Number of protein chains: 2
Amino acid sequence: MAVKSYGQYCALARALDVVGDRWSLLIVRELLDGPARYRRLLDGLPGIATNLLADRLRQLSDAGVIEHGGHAEYRLTPWGQELREPLYALARWAVPVVMRRPLGTDTFRSHWLAHPLAVIYAGCDPARRPMTVEIHVDGDIMTLQSANGYVELRSGKATKPEVVLAGPPDAILGLLAGQLDASTAKAAGLDITGRVHHLAELRPTTLLRAATSDMSTNEANGTSDVGRCTS
Amino acid sequence: MAVKSYGQYCALARALDVVGDRWSLLIVRELLDGPARYRRLLDGLPGIATNLLADRLRQLSDAGVIEHGGHAEYRLTPWGQELREPLYALARWAVPVVMRRPLGTDTFRSHWLAHPLAVIYAGCDPARRPMTVEIHVDGDIMTLQSANGYVELRSGKATKPEVVLAGPPDAILGLLAGQLDASTAKAAGLDITGRVHHLAELRPTTLLRAATSDMSTNEANGTSDVGRCTS
DNA sequence: CTGCATCCGGGCCGATACTG
DNA sequence: CAGTATCGGCCCGGATGCAG
C-alpha cells in the first residue's frame, strides 16, 4: 500500500492510498500505451530509481491496478485501465502550466505526445481535413494521420506528409494545439515544411479554452458547504 | 513546489508537480466545500500534522491553486475549483475499494458524505420522488432533501423526515448507493426508521455499475501504443 | 542485457512542543 | 486560533551488485 494509508473513509483518500504515491500515476500513464517490460518503463520514466519502480509495480500489482503477465510484461487490469479518465482529467487541468511554461530543462519522450494529441483531437469530426503530418521530435519520428474524421498518431515515418514538423516538443504542441502561430513556433525553434495553415483544420471547431484561462485571477468561490449537485 | 519536480514535459507530471504531494488533493477536497479556516482544515484532515498543513497551504498558494483571503481563510482560486472534476473522477474510480472494504478503523467526517452523494444523485431527474431523509452519522445530523428533481444534502435536522438513518457511514452509503439492502444495512449496524424502500426512488434509473465490477479480473488490455482516440 | 535487490545519504513526513 | 520550531523515522533517490 501507499507510504501510509490516510485512514479516511473517503473515496478520494482511498484512491490516493492506491495510486497517490510518488511515480504511481506516471507508471499508469506509461502502461496506458499498452503492456511494457521493465526496461521500457524505466526509459519512459526518466528520473525514477530502479528500486522505486520495482516497489511501485509490486504495490500496484497487489492493489489490482496492474498485473504481471508472462515475459515479465506488466499490463493494466481492466480496473487499472479505467484510470485513463481521471488521469486525462488531471492532465487537462494542468494545461495552463504546460502551455504557459516552456520546456525548460524538462525531459521528454516522444510517445508522451499521444496523450495530449488524443485530448486535442478527441472524437470524430467528419468535417476534419484528411492529411498526414510527420513529426520529428526527441530524435524520433512519428506520423499524425487524419482520416475518416479521426486523428491518430503512430510511430514511424510518413509516406507523403503534407506537413513536416521538427523541433522541441513545446513548440510542436503549441502549434498543434493552436496556442502558437507558425512564426512564433519557428522562433521557438520549430522547423516547418509544407502547408502549415492546414493544421488548423485538424482541430474541432470548439477548442480547449482552458489553455488560455488565467491561473491567478482572484474570485470568490461557492459558499455552500454541502450538497452541491454537480450536473 | 512538490517534493521534487518530476522534470517531465508532460501534462500529468506537471499536474502532479502541483497537487501530487501527500495531502495536497485532500486539502483541495476540503476546500471544495467552500472557504475554510486553518482549524477547520485540521479537523477535516484527520492525521495531518500542523506543519504539513502549513507547508501544503503555502505550496498550493504559490502554485495558484488556493489563495489566502482575509481572516485567515483559505479558498480555491477559479483554477483550483476546476480540480473538482479530476478529483471526482478519481473518487469514482475508487468506488470498488470503498464499497468492497468496510469502514474498519478509518476515520470519517460527516461532511464527506456530500461528495459521494453528489455523484450518486447527480443531475436533475424530474421523475425523482420528493422526500426528506434525516441522517445521523459521526455524532452529527444531516438532511438529504429531494425536491424538483434535485437532491441536496445540508447539515442540521429535518422537520418531517420520511426516513431516518442512523449508523456507521459505510452502511449509510451502501444503502443510499443501492449496494446494500435494508436488512444487510441493519446487520451492519444501521438504524432505519420510516419507509426505507422509498430511498430507491431517489436514484436515477441508470446506476453506477462500477461499484459491482470486479477489481481483479484478468484480461488483456489494448495493444496500440500510440494515438488511441478517446471519444 | 534485463530485472530486480541491497546499501546509504538526504530530505520529507509525522508527532509534539512552543509562540504570538 | 494560527501557525512555527524541532526532532526521530522512514521514504525517496542514486549507485552498485547480482542472478538469470
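Owing to the predicted nature of the structure, the values given are computational and were not obtained by experimental measurement. Lettering follows sequence order; numbering is per chain, from 1.
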Taking atom types as they are modelled, would you say the side chain of A:Asn51 forms a donor-acceptor pair with the base of D:dG14 within the 3.5 Å cutoff?
yes

Rounding to an integer number of Å, can you tell me how far [X] [atom1] sits from [N] [atom2]?
{"X": "B:Leu52", "N": "C:dT16", "atom1": "CG", "atom2": "P", "value": "14 Å"}
{"X": "B:Gln59", "N": "C:dG11", "atom1": "CD", "atom2": "P", "value": "16 Å"}
{"X": "A:Leu42", "N": "C:dC4", "atom1": "CG", "atom2": "P", "value": "10 Å"}
{"X": "B:Leu53", "N": "D:dT4", "atom1": "CG", "atom2": "C1'", "value": "13 Å"}
{"X": "A:Asp55", "N": "D:dC11", "atom1": "CG", "atom2": "P", "value": "10 Å"}
{"X": "B:Asp17", "N": "C:dC12", "atom1": "CG", "atom2": "P", "value": "14 Å"}
{"X": "A:Arg40", "N": "C:dG3", "atom1": "CZ", "atom2": "P", "value": "12 Å"}
{"X": "B:Ile48", "N": "C:dT16", "atom1": "CD1", "atom2": "C1'", "value": "16 Å"}

Respond yes when some side-chain nitrogen or oxygen of [X] is under 4.0 Å from OP1 or OP2 of [N], and no when none is.
{"X": "B:Tyr38", "N": "D:dT4", "value": "no"}
{"X": "B:Tyr6", "N": "D:dG13", "value": "no"}
{"X": "A:Lys4", "N": "C:dC12", "value": "no"}
{"X": "B:Arg37", "N": "D:dC1", "value": "no"}

Selection from [options] that lies nearest to any side-chain heavy atom of [X]:
{"X": "B:Arg22", "options": "D:dG3, C:dG14, D:dC12", "answer": "C:dG14"}
{"X": "B:Ala54", "options": "C:dC4, C:dT2, D:dT4", "answer": "D:dT4"}
{"X": "A:Arg58", "options": "C:dA15, D:dC1, C:dA5", "answer": "C:dA5"}
{"X": "A:Thr50", "options": "C:dA15, D:dC12, C:dC4", "answer": "C:dC4"}
{"X": "B:Arg56", "options": "D:dC1, C:dC13, C:dT16", "answer": "C:dC13"}
{"X": "B:Arg39", "options": "D:dC12, D:dC1, D:dT4", "answer": "D:dC1"}
{"X": "B:Ala72", "options": "C:dA17, C:dG14, D:dA2", "answer": "D:dA2"}

Angle class for the B:Tyr74/B:Tyr38 ring planes (parallel below 30°, perpendicular above 60°, tilted otherwise)?
tilted

Can you tell me if B:Tyr6 uses its side chain to pair, donor with acceptor, with the backbone of A:Trp23 under 3.5 Å?
yes

Residues, nucleotides or ligands: over 12 heavy atoms within 6.0 Å of B:Gln145 CD:
yes

Look at A:Arg154 together with A:Glu152 and state whether they make a salt bridge at an N to O cut-off of under 4.0 Å.
no

Note: B:Arg58-B:Asp55 ion pair, threshold 4.0 Å (strictly below):
yes

